[in-house]
Amino acid sequence: MAKKLFLLDAYALIFRAYYALIRNPRITSKGINTNAQFGFTNTLFDLMNKEKPSHMAVCFDVEGVTERHTDFADYKANRQETPEDLSAAIPFIKRIIEGFNIPVIGVTGYEADDVIGTLAWQAHDAGYDVYMVTPDKDYGQLVRDGIFIYKPGYQGGDVEIMGPKEVCTKWDIERVDQVVDILGLMGDAVDNIPGIPGIGEKTAAKLLKEYGSIENILANADNIKGSLGEKVRNGKESAIMSKKLARIITNVPVEFHEEQFCLKEWNKPALIEVFTELEFKTLGKRVLGEEFNVFQTAPVGVQTDLFGNVVEQSEKSKAKSEKKEVAANTDGNADVEATGFGADKNINNTAHNYILADTQEKIAALVKDLLQQTEICFDTETTGIDANDAELVGMSFSYIPHEAYYIPCPADQTATKKILEQFTPLFNSEKITWIGQNLKYDMLVLKWYGIELKGNIYDTMLAHYVIEPEGRRSMDLLSAQYLGYEPVHIEELIGKKGKNQGNMRDVEVEKIKDYAAEDADITLQLKHALHPGLKEKEVEKVFYEVENPLVKVLTDMEFEGIKIDEGFLKDYSKELEREARLAEENVYAGAGVKFNLSSPKQLGEVLFEKLKLDPKAKKTKTGQYATGEDVLLKLSHTNPIVADILVYRELTKLKSTYVDSLPLLINKKTGRVHTSYAQAVAVTGRLSSNNPNLQNIPIRTDRGKEIRKAFIPRDDKHVLVSSDYSQIELRIVAGISGDPNMCEAFKSGIDIHTATAAKVYNIEAKDVTKEMRYKAKSVNFGIIYGQGAFGLADNLGISRSEAKEIIDNYKKEFIGITKYMDDTINFAREHGYVQTLMGRKRWLRDINSSNFTVRGFAERNAINSPIQGTAADMIKLAMIKIHAAMKKEKLQSKMLLQVHDELVFDALKEEMDTLKPLILENMKAALPLPHGVPVEAEVGFGDNWLEAH
DNA sequence: GCACAGTCTT
DNA sequence: GACCAGAGACTGTGCT
């Protein structure tokens, strides 16, 4: 078997690490993108772990990297990272490379690529399989897909040269020259080659065809007319430099000696150091084994030189890890060991007292004791994650740090109810503030036993939400962050997530006691740790007046659920199935092939390679053809199957996401669907809904609308009532900007989009055409989200100049809004945050970024967040008020759903006369807007959601 | 199990 | 030449 040599370009690693280490929180819908977070180290580890190279080297070219970025100001401006950013990443990279004990090579005056190129061929001739690890052809690809591996000498000595949009696989000098020339000319073509900004691949090819070479083009630059000529003249230096950069040199003065590149054993202590410092928990365990624990080894901030030795640190770390192992071996109780980042903060150094209360006497004494308290931390253990379908396994209470009580609840539900009865005076006490992490869950569980907490709520999850709206806030994470302590994981009790996960019911009481009591204990300590933050960040108002009181409202709504007409959906499913089949057959017949129509990848190949519907077909960032709705709509005139594809897409989407899934989520006990509201997810302050998501039930198309007919009232004594705010976000814009024209429009009650059109086109409201109103509407929404002329033009299908004119007019007419946008951005720049009327804040750390794209994103958020967030505050306040009023009036009607600006109720028909004004008045008065801008709401009712809306 | 493309809402 | 409105949840495909 041939020996394997891996050559890595540090340049690629630095970019990768920059993203991994400096900008690491790349948030996706599922939380932090761990791929980005650990990508660099993962790549290194995977290479060694899976490929098992015998030899390896990293080619370091740090100076080159930062130089290149400072040389080209333009180029730099379009990048997300700065030389400083990269420099910041380099020490970490060095330490990780050092930890893995990978040889490093660098030759002054040459690019890492060239060193790699030279070594690769030498090693290849010496009989090695050489793998070059280097960035892919474009920067975006690098960030997303990791490091591209290509292999010279893999197929009879072929080498791959990355060119723009194609790969040259033969060592074909002529072809290489062409590629190199194109790269030299083409702006931003390849990761580290700037080219001439403003020149694309096609222009580059055209120029080369005309003049033959870059040198000829530059010599004749003065003869090239127009802006193209100017670009070429301005880019002379860049083009020559880029051409040089693009060619991989294979005669660098460096020699391949195999003993120099032999992989040695890892320097584990050094790895532990750096992983600990970077909190690479999961990866640390993968690399170093299960015993690695970030929270058990204190970080040591000793800088190391790339080639320096790490003996001193190693000794230290070694001592630490040994100590840790001893501790782990002598004490099986996870509670009492582990040391965090700040040993002083760590609760495990303090003895704790977790007490089991499993007899009537003990419980009675506990309840008596708890009744003396004003703040009690409370947590439940249950048989499952779905509160609407879970049994109580136990409860824990804590009111003094390091002390907690656990009460087991038996599987016999009558016995459990009996235990709960003992707690009734406690749960009914109005002077107790209940502290908990996501109390909505616990309250929902209790509600199934007929119990409601009468006191106030203090939810630590919500406290963290208002203090730090972005990021995740699981208890494990908060505990690690605020208390420097890693609690027992639930997996240690019931196993890893998945279908084999066990049940809390089957875990021995002693174990649950430790786990559950610790949860209550930690949550209480979290409350103390988080509490000062509320004042510091000035978010107490939104916390105490909005988020905490809302918990009870949401609990009741989730408990109620909504009735679904299962039979209707079943019939509709069949109908959709039939029509989708038909459309699918049409597509196959029209295309002449059968394929998986649900696969965008296969569809793209059929449309653009077989049928060649669009020679200029756009591709997605991963290189497959884009086949989104917008793309297909533009193609619909070219081939009749496109319309069928769109129909197929619509039907299958409706069928799989709604019609077929909703019935599966009907609760067996209630026969209703109970959505779950996430109160601490959306950064702007909105709620989100899942399991199922009832906030995205279709309404736009006729076929989609049908689904709303499946949402029905409880019985024939009830109707569904839907009430929604009218133009709430625009009213808020008017209110907080105080723009006189817009405020006036709302006060006089005329249609806001018509009023806007009249102003923008400078005509009377009565002369506004449908089209003008439509455009004005689009501008109204676009403007407040910071959409530019291009976006508006694209949206409306009009020319850019027309779009620009409309926007300019708009800004002139609604000068207050322009001022609001400028003021908001300036406020954010100065203070680092923006806020809603209720003081809900959003921090924008990128608002002063030197990078255009990053800053732009922050600026749009600065404008949008106060608007969307104020709307969220308003409806939340309305919900709290309506909930209280309904309780006061002892109404039997129930609030069921919230869809951002809409509330849905199950209304008892005879209560309608009371209910309707109650809803409307509370919605309108929930949060008065500045400048006297009126808030309007409408209410409708019917035998299903479609009729009510 | 994860990333991605696509599609639904406000 | 690329990007280009905010905020989410969920599905199927394709890869590891």
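Letters A, B, ... mirror the listed sequences (proteins, then strands); counts begin at 1.
- Applying the ring pair (Phe, Tyr, Trp, His ring centres under 6.0 Å) test to A:Tyr648 and every residue at least two apart in sequence or in another chain returns nothing.
- The CD1-C1' distance, from A:Ile863 to C:dC4, rounds to 14 Å in whole Å.
- Below the 3.5 angstrom threshold, one finds no donor paired with an acceptor across the side chain of A:Gln695 and the base of C:dG8.
- C:dC4 sits 14 Å from B:dG6 when the P atoms are compared, rounded to a whole Å.
- Looking at heavy-atom distances under 4.0 Å, A:Ile699 makes contact with sugar-phosphate atoms alone, never a base.
- Residue-level contact check: A:Gln602 touches the backbone only, with heavy atoms under 4.0 Å from sugar-phosphate atoms and none from bases.
- Here the nucleotide nearest the side chain of A:Ser599, chosen from C:dT13, B:dC8, C:dA7, is C:dT13.
- Rounding to whole angstrom units, OH of residue A:Tyr625 and C1' of C:dG14 are separated by 18 Å.
- The two residues A:Val899 and A:Leu694 come nearest to each other via the heavy atoms CG2-O, 4.0 Å.
- Here A:Lys655 pairs with A:Glu577, A:Asp660 under the side chain to side chain donor-acceptor pair (under 3.5 Å) rule; sequence neighbours left out.
- Considering only the side chain of A:Arg700, B:dC8 comes nearest among C:dA7, B:dC8, B:dT10.
- Around CG of A:Leu633, the count of heavy atoms belonging to other residues, nucleotides or ligands within 6.0 Å exceeds 12.
- A:Glu605 has its CD atom 14 Å from the P atom of B:dA5, to the nearest Å.
- Atom P of nucleotide B:dT9 and atom CZ of A:Phe711 are separated by 13 Å, given to the nearest angstrom.
- Looking at residues 678-687 of chain A, you'll see A:Val681, A:Ala682, A:Val683, A:Thr684, A:Arg686 sit with a heavy atom under 4.0 Å from some atom of DNA chain C.
- A donor and an acceptor atom, one from each side chain of A:Asn690 and A:Tyr677, are nowhere located under 3.5 Å apart.
- Across the protein-nucleic acid pair, A:Lys777 atom NZ and B:dT10 atom P stand 11 Å apart, rounded to whole Å.
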> Between A:Ile645 and A:Leu607, does a side-chain contact (heavy atoms from CB on, under 4.5 Å) hold up when you go through it step by step?
Replying inline: CA-CA 11 Å; A:Ile645 296 168; A:Leu607 288 182; 4.0 Å; yes
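- Here the separation of B:dA5 from C:dC3, taken at their P atoms, is 12 Å to the nearest Å.
- Within 4.0 Å (heavy atoms only), A:Thr652 reaches no atom of the nucleic acid at all.
- Side-chain nitrogen and oxygen atoms of A:Asn696 include none within less than 4.0 Å of the OP1 or OP2 phosphate oxygen of C:dA7.
- Here A:Asn693 does not reach the OP1 or OP2 of B:dT9: none of its side-chain N or O atoms lies under 4.0 Å away.
- Side-chain atoms of A:Arg686 do not come within 3.5 Å of backbone N or O of A:Ala871 as any donor-acceptor pair.
- Within the 4.0 Å cut-off from OP1 or OP2 of C:dT11, not a single side-chain nitrogen or oxygen of A:Thr657 is found.
- Between the side chains of A:Arg731 and A:Ser726, at least one donor N or O lies within less than 3.5 Å of an accepting N or O.
- Spacing between atom CZ of A:Phe595 and atom P of C:dT13 amounts to 13 Å, rounded to whole angstrom units.
- OP1 or OP2 of B:dG6 lies within a sub-4.0 Å distance of a side-chain N or O belonging to A:Thr627.
- Using a 4.0 Å heavy-atom criterion, one finds that A:Ala626 contacts the sugar-phosphate atoms exclusively.
- Here the P atom of nucleotide B:dT7 and the CG atom of A:Leu646 are 8 Å apart, to the nearest Å.
- Among the nucleotides B:dC8, C:dT13, C:dG6, the one closest to the side chain of A:Tyr658 is B:dC8.
- Remark: P of C:dC10 and CG of A:Leu662 are 11 Å apart, rounded to the nearest angstrom.
- In the set C:dG14, B:dC8, C:dG6, C:dG6 carries the atom at the smallest distance from any side-chain atom of A:Asn864.
- Considering every non-hydrogen atom in both A:Leu897 and A:Thr675, the closest pair reads CD2-CG2, 4.4 Å.
- A:Tyr725 comes within 4.0 angstrom of nothing in the nucleic acid, heavy atoms only.
- Of the candidate nucleotides B:dA5, C:dA7, C:dG8, C:dA7 has the atom lying nearest to any side-chain atom of A:Arg842.
- The side chain of A:Lys653 approaches B:dT7 more closely than any other nucleotide in the set C:dA7, B:dT10, B:dT7.
- A close approach under 4.0 Å does not occur between any side-chain nitrogen or oxygen of A:Arg708 and OP1 or OP2 of B:dC8.
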